[in-house]
**Q** 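Provided herewith is a single structure, encoded as structure tokens, for subsequent inquiry.
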Amino acid sequence: MKNYFENLPQIQYEGAQSNNPLSFKYYDPERIVLGKPMKEHLPFAMAWWHNLCAEGADMFGRGTTDKAFGSTPATMEHAKAKVDVGFAFMQKLGIPYFCFHDVDLVPEADDMKETNRRLDEITDYMLVKMQETGIRCLWGTANMFSNPRYMSGAGSTSSAEVYCFAAAQTKKALELTVKLGGKGYVFWGGREGYETLLNTDMLFEEKNIANLMRLAVEYGRSIGFTGDFYIEPKPKEPMKHQYDFDAATAIGFLRKYGLDKDFKMNIEANHATLAGHTFQHELRVSAINGMLGSIDANQGDLLLGWDTDEFPSNVYDATLCMYEVLKAGGLTGGFNFDAKTRRPSNTFEDMLYGYILGMDTFALGLLNAAAMMEDGRIDAFIQKKYETFHTTEIGKKIVNGTATLSELAAYAEEKGSTREPVSGAQENLHSIMNAVMFGKR
């Protein structure tokens, strides 16, 4: 088939002074940062659905980008064309991983057996490309939200027949993930939520979702899947009340149903802001609970109330993201660009520009975060802020859990408040961050 990128150069690192739009300005894969190459800190992945399937359609108009790739859409010819284009694209950028939904790979048939046959055929084809290129699967998942059968959810459906279909789809997606050597498997919330409690048994639905996940873990382990299962919190996408609203909610759900040993979080920047949190907050909540697993690297438009899936360009957010990742010791997964070019950006060059932007943004974030850690002033401030818990006898007893409430009350009555409250110094800390990021010019 036609190579849509054959007349475009291999994307190389050229540095910040380069005016070549088809080059990396900051992503230098072999550059050593805190003891290891940048490419190991930033295991990037291509999102099959956005990059190879999304045509720029929105609720007011059909697509503006031709993603047929010279084939007839909704055919196995088209499925193979996407494989060819996808692997050529990843090679052009040096991206080592991809992520997929089942129905990204092939058109869904009316008969599940035929869909599964198509999936077997296309993954055989993908394995050949993987062996030729060394590109690997980061994670797989099942699309259990697009088809009308899932109008009331998959695990949360009111239909036992639909629930069985969701189980069958999960089973096959797990088999494909194992076949392709995927490091993880994601449960997207999709339509796992509700609009009104007037027609919803919340506890019943919650238990059914947990049971589907438990069955998936048991089956996955039985066929040799050794990676992490992930939940991706998805507020407002599309249900008003999502069961996996944010990281804290999802972690509480996992612990309630005994799933926390097998699951971690797949955190998306755009979903964090839709939940009313910062990206950094969702990463920190996941990390301090031992559940920071993988990241969907994108950003949203704060003036719009839905998931716009834009390529990341906000260097502050990327810096604070990488600060959390470095402090957590890295990810078990990677950075999947769950992002799509804007509707008017409809050329194949634009696809490359989007990934160059995202990879450079996170490279800058990594460099800045490493510099902040090496600078040390922010860490030193936090340590000093809580110093009375570590330098006084009563503080030590509070921390190690040996103090009683009566003992603390007696201390307060005797000593009173001998210190002024400690300043949070937020403005100074932001100045330090700016100085680290921009001071050496």
**Q** Main chain of T308, side chain of N270: is a donor-acceptor contact present, judged purely on distance under 3.5 Å?
**A**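 The answer is yes, because a donor-acceptor pair under 3.5 Å joins these two groups.
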**Q** Give a yes-or-no answer on whether the side chains of H241 and E195 include a donor-acceptor pair shorter than 3.5 Å.
**A**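 H241 vs E195: no donor-acceptor pair found between side chains.
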**Q** For the residue pair Y194 and Y243, does the interplanar ring angle fall in the parallel (under 30°), tilted (30 to 60°) or perpendicular (over 60°) class?
**A**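 Tilted, since the angle between the ring planes falls between 30° and 60°.
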**Q** Identify the two heavy atoms, one from I95 and one from I135, that lie closest to each other, and give their separation to 0.1 Å.
**A**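 Shortest heavy-atom contact: O-CG1, 3.8 Å.
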**Q** Taking atom types as modelled and ignoring hydrogens, do the side chains of E192 and S156 form a donor-acceptor contact shorter than 3.5 angstrom?
**A**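 Distance-only check passes for E192 and S156.
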**Q** Is there a donor-acceptor pair under 3.5 Å between the side chain of K25 and the backbone N or O of L357?
**A**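 Looks like no, no N/O pair under 3.5 Å.
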**Q** Is it true that E205 and R191 make a salt bridge, defined as a side-chain N closer than 4.0 Å to a carboxylate O?
**A**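 The answer is no: the pair does not qualify as a salt bridge.
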**Q** Looking at D244 and K234, is there a salt bridge between them, counting it only when a charged N and a carboxylate O are closer than 4.0 Å?
**A**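 No.
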**Q** Show your working on salt bridge (charged side-chain N to carboxylate O under 4.0 Å, His left out) between K92 and E349 and close with a plain yes or no.
**A** CA-CA 12 Å; K92 188 68 68 172; E349 288 91 340; over 6 Å; no
**Q** Output yes when a side-chain donor or acceptor of N368 lies under 3.5 Å from a complementary backbone atom of L364, and no otherwise.
**A**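 Present.
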**Q** Sub-3.5 Å donor-acceptor pair from the side chain of Y163 to the main-chain atoms of L212, do we have one?
**A**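 At least one qualifying donor-acceptor pair exists.
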**Q** Sort and list the pairs that fulfil salt bridge (Lys or Arg N to Asp or Glu O under 4.0 Å) and have at least one residue in residues 26-54, not counting sequence neighbours.
**A**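 Matches after skipping sequence neighbours: E30-K39.
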**Q** Of the non-hydrogen atoms in D338 and N298, which two are nearest, and what is the gap between them?
**A**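 D338 and N298 have their closest heavy atoms at O-ND2, 2.9 Å.
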**Q** Could you tell me whether the side chains of N20 and S18 share a donor-acceptor contact shorter than 3.5 Å?
**A**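 No, no side-chain donor-acceptor contact under 3.5 Å.
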**Q** Under the ring-ring contact (aromatic ring centres under 6.0 Å, His included) rule, what do F44 and Y27 come out as? Steps first, then yes or no, please.
**A** CA-CA 11 Å; F44 290 129; Y27 178 63; 5.4 Å; yes
**Q** Nearest heavy-atom pair of P233 and A247: which atoms, and what distance?
**A**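 Minimum heavy-atom separation between P233 and A247: CG-N, 3.8 Å.
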**Q** Could you name each residue pair satisfying side chain to side chain donor-acceptor pair (under 3.5 Å) that touches residues 252-261, not counting sequence neighbours?
**A**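 Pairs touching residues 252-261 that pass the test: E206-K256, E206-Y257, R255-N289.
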**Q** Could you check whether D102 and N143, counting side-chain N and O atoms only, form a donor-acceptor pair closer than 3.5 Å?
**A**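 Result is no, nothing qualifies.
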**Q** Does Q242 use its side chain to pair, donor to acceptor, with the backbone of M239 at less than 3.5 Å?
**A**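 Checked: pair present.
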**Q** Considering residues at least two apart in sequence or located in another chain, which fulfil the salt bridge (charged side-chain N to carboxylate O under 4.0 Å, His left out) criterion with D379?
**A**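 In terms of salt bridge (charged side-chain N to carboxylate O under 4.0 Å, His left out), with neighbours along the sequence ignored, D379 is linked to K327.
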**Q** Report the relative orientation of the aromatic rings in F279 and F362; use parallel for angles under 30°, tilted for 30 to 60°, perpendicular for over 60°.
**A**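 Rings of F279 and F362: perpendicular, over 60°.
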**Q** Parallel under 30°, tilted from 30 to 60°, perpendicular over 60°: which one fits the rings of F98 and F100?
**A**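 Rings of F98 and F100: tilted, 30 to 60°.
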**Q** Check the pair Y355, F337 against ring-ring contact (aromatic ring centres under 6.0 Å, His included), reporting the backbone distance first and the verdict last.
**A** CA-CA 8 Å; Y355 273 77; F337 284 111; 5.3 Å; yes
**Q** Determine the interplanar angle of the F348 and F69 rings, folded into 0 to 90°, and report it as parallel if under 30°, tilted if 30 to 60°, perpendicular if over 60°.
**A**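 The arrangement is tilted - the two ring planes meet at 30° to 60°.
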**Q** Test your reading of the model: is there a side-chain donor-acceptor pair from T361 to the backbone of P312, 3.5 Å cut-off?
**A**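 Answer holds: yes.
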**Q** How many angstroms lie between atom OG1 of T65 and atom CE of M351, to the nearest 0.5 angstrom?
**A**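 The CE atom of M351 is 9.0 Å from OG1 of T65, to the nearest 0.5 Å.
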**Q** With distance as the sole test, does S294 use its side chain to make a donor-acceptor pair with the main-chain N or O of G334 at under 3.5 Å?
**A**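 Side chain of S294 to backbone of G334: a pair is present.
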**Q** For the residue pair Q169 / Y150, report whether a side-chain donor-acceptor contact shorter than 3.5 Å exists.
**A**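 Yes - a donor-acceptor pair under 3.5 Å links their side chains.
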**Q** Under the salt bridge (charged side-chain N to carboxylate O under 4.0 Å, His left out) rule, collect the residues that match up with R214, sequence neighbours excluded.
**A**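 For R214, the residues satisfying salt bridge (charged side-chain N to carboxylate O under 4.0 Å, His left out) (neighbours in sequence not counted) are E218.
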**Q** Do you see a donor-acceptor pair shorter than 3.5 Å between the side chains of S406 and Y411?
**A**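 Distance-only check fails for S406 and Y411.
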**Q** Is the backbone N or O of D317 less than 3.5 Å from a side-chain atom of N314, with the two atoms forming a donor-acceptor pair by type?
**A**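 Side chain of N314 to backbone of D317, a donor-acceptor pair under 3.5 Å: yes, one is there.
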**Q** Do the side chains of D84 and K129 get close enough for a salt bridge, i.e. N-O under 4.0 angstrom?
**A**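 Salt bridge between D84 and K129, a charged N being under 4.0 Å from a carboxylate O: yes.
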**Q** Please find the pair of heavy atoms, one from L259 and one from A210, that lie closest to each other, and give the distance.
**A**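 Closest approach of L259 to A210, heavy atoms only: CD1-O, 4.0 Å.
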**Q** Between A79 and L105, what is the shortest heavy-atom contact and its length?
**A**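 Scanning both residues completely, I find the closest heavy atoms to be CB-O, 3.1 Å.
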**Q** According to the side chain to side chain donor-acceptor pair (under 3.5 Å) rule, which pairs have a member within residues 172-188, sequence neighbours left out?
**A**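 Listed once each, the pairs are D120-K172, T123-K179, D124-K179, T141-W188, K171-E175, E175-Y219.
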**Q** Would you confirm whether T249, through its side chain, and F245, through its main-chain N or O, come within 3.5 Å as a donor-acceptor pair?
**A**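 No, because the side chain of T249 does not come within donor-acceptor range (under 3.5 Å) of the backbone of F245.
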**Q** Going by an N to O cut-off under 4.0 Å, is there a salt bridge joining E324 and R284?
**A**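 A salt bridge is present here (some side-chain N lies under 4.0 Å from a carboxylate O).
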**Q** Please assess F187 against F229 for the test side chain to side chain contact (heavy atoms under 4.5 Å, CB included), listing each intermediate value before the final yes or no.
**A** CA-CA 8 Å; F187 275 90; F229 289 86; 4.2 Å; yes
**Q** For I11 and S23, which heavy atoms make the closest approach, and how far apart are they?
**A**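 Shortest heavy-atom contact: CG2-CA, 3.9 Å.
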**Q** Report the residues that fulfil salt bridge (charged side-chain N to carboxylate O under 4.0 Å, His left out) with E427, sequence neighbours left out, ordered by chain and then residue number.
**A**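 With sequence neighbours excluded, E427 shows a salt bridge (charged side-chain N to carboxylate O under 4.0 Å, His left out) to no residue whatsoever.
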**Q** Is the backbone of K340 close enough, under 3.5 Å, to the side chain of R342 for a donor and an acceptor to pair up by distance?
**A**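 A pair under 3.5 Å: yes.
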